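Step one of this worksheet: look at the structure below.
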Number of protein chains: 2
Amino acid sequence: MSSEEARSSVCVEDHVMTEKKRREKLNQQFVELLGLIPGLKKIDKASLIGDAINYIRELEEKLKTLEDKKRASSNSVKSWNSRPSPNENLTENSSSKSLPEIEVKMVGKNVLVKLHCLAGKGVLAKMLAEIEELHLVLRGVSSMPFTSSSLCVTVTAQFEEGYYMTVNELLKRLSTAFIYFLYED
Amino acid sequence: MSSEEARSSVCVEDHVMTEKKRREKLNQQFVELLGLIPGLKKIDKASLIGDAINYIRELEEKLKTLEDKKRASSNSVKSWNSRPSPNENLTENSSSKSLPEIEVKMVGKNVLVKLHCLAGKGVLAKMLAEIEELHLVLRGVSSMPFTSSSLCVTVTAQFEEGYYMTVNELLKRLSTAFIYFLYED
DNA sequence: GATCACACGTGAACC
DNA sequence: TGGTTCACGTGTGAT
């Protein structure tokens with residue numbers, strides 16, 4: 001008897017409490033997980049984990065799909081500045097500044113944007129998208145190859161009703177947007 | 001003694017086996033989940049579920065971010081066909097077909113695409129992106145307003161090295177891509 | 001030897 | 001009343 005009671009320095013009840021604690025924690029995790037999984041039917045612990053597994057796989061797949069789409073339409077843009085050497089055949093008599101060069105003019109709500117940048121798949125589409133996100137309505141777009149690797153783009157646009165911006169602000173926003181391209185995952 | 005043994009029709013051992021089965025199933029789910037969660041340190045059951053929870057939250061957040069981005073650059077395209085009434089002032093002497101009208105010409109690797117479509121924010125950018133996804137390298141782009149609500153776009157391009165397509169195939173792909181715009185979530 | 005996490009058998013609750 | 005799921009206390013192995 002006495003040997004059984006004193007079998008361990010801290011007696012059996014301690015063990016029971018510890019185990020109780022462990023179960024509580026685990027169950028707490030279970031209910032937390034329960035709140036995360038949408039549209040589950042059985043609330044079995046097993047089924048719950050099963051649904052969690054399926055949900056994770058589902059999310060991962062969706063994410064992969066979206067990322068691939070994104071990548072397919074913006075990956076090439078990375079090559080835009082991937083050759084940061086300004087020693088192209090365009091620094092001869094141009095202002096010798098590195099690309100892209102951005103020029104903005106405004107008359108009332110009318111905007112003229114001139115862009116000179118390294119050509120690359122997706123660059124033009126991305127530019128237009130970014131311009132339109134600044135609440136500009138495209139009027140005319142002209143794009144022509146300049147050197148073998150650079151592009152001259154001219155865009156005319158108008159501010160949407162109720163939107164306006166100063167020239168400097170617009171220039172800053174455009175530059176920011178283009179930089180955003182380059183570092184986009 | 002005998003009453004204890006015959007307490008249930010199929011004796012206690014059945015229950016034991018069932019419970020064993022249940023545990024096995026649950027543990028099986030645990031290990032399956034274990035393989036899905038990246039970079040976990042402790043392999044506690046509790047910690048495992050905890051990490052699973054965090055991972056799910058992480059995935060959901062990433063997905064939301066990506067979807068919002070996507071939405072921001074493609075939402076406006078929905079307005080493209082949101083006025084499906086062909087009774088615009090352009091059905092007068094045009095071929096009276098509903099927009100968009102797509103015309104494709106090819107000479108060797110050189111491609112000419114003419115598009116007549118309802119104007120809308122994001123339309124042009126999306127078009128160019130889709131064209132480029134067909135392994136076409138943009139050469140020249142010209143876009144001008146036609147009626148107050150429609151747009152004439154002319155695109156010259158070249159197939160990337162190693163890529164080719166028949167005129168009909170190209171036309172089909174482009175049409176498909178544009179339809180894809182309209183029904184994109 | 002103390003702590004931690006686990007699997008087990010068992011009684012009970014809930015259709 | 002059977003089938004299914006859960007919580008509990010306990011024994012045990014690993015660190």
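Remember, predicted model here, so these are calculated numbers, not experimental data. Within every chain, numbering begins at 1; the chains are lettered A, B, ... in the order of the sequence lines, protein sequences first and strands thereafter.
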Ordered by number, residues from residues 47-56 of chain A within less than 4.0 Å of DNA chain D (heavy atoms) are none
Counting only heavy atoms and a strict 4.0 angstrom limit, can you tell me which residues of residues 19-45 of chain B come near DNA chain D?
B:E19, B:R22
Expected output: side-chain B:T156 to main-chain B:G140 donor-acceptor under 3.5 Å:
yes
I need the A:K20 NZ to A:T18 OG1 distance, nearest 0.5 Å.
11.5 Å
Measuring from A:L59:CG to B:L36:CG, what's the distance to the nearest 0.5 Å?
11.0 Å
Considering only NZ, NE, NH1 and NH2 on the basic side and carboxylate oxygens on the acidic side, decide whether [X] and [Y] come within less than 4.0 Å.
| X | Y | answer |
| --- | --- | --- |
| A:E133 | A:R173 | no |
| B:E19 | B:R22 | yes |
| B:E132 | A:K126 | no |

Residue set satisfying side chain to side chain contact (heavy atoms under 4.5 Å, CB included) with B:E103, at least two apart, ordered chain then number -> B:K105, B:K114
If you look only at distance, which donor and acceptor atoms sit under 3.5 Å apart when one is on a side chain in residues 39-51 of chain B and the other is two or more places apart or in another chain?
unit_1: B:K42; atom_1: NZ; unit_2: B:D44; atom_2: OD2; d: 3.2
unit_1: B:D44; atom_1: OD2; unit_2: B:S47; atom_2: OG; d: 3.2
unit_1: B:K45; atom_1: NZ; unit_2: B:N27; atom_2: OD1; d: 3.0

Taking for each residue the nucleotide of DNA chain C with the nearest heavy atom, is it B:A46 or B:V16 whose nucleotide lies nearer the 5' end?
B:A46
Side chain to side chain donor-acceptor pair (under 3.5 Å) partners for B:N54, two or more places apart:
none
Would you indicate whether B:K109, at its atom NZ, is surrounded by more than 12 heavy atoms from other residues, nucleotides or ligands within a distance under 6.0 Å?
yes
Between the protein and nucleotides 12-15 of chain D, list every N/O to N/O distance that falls short of 3.5 Å.
none

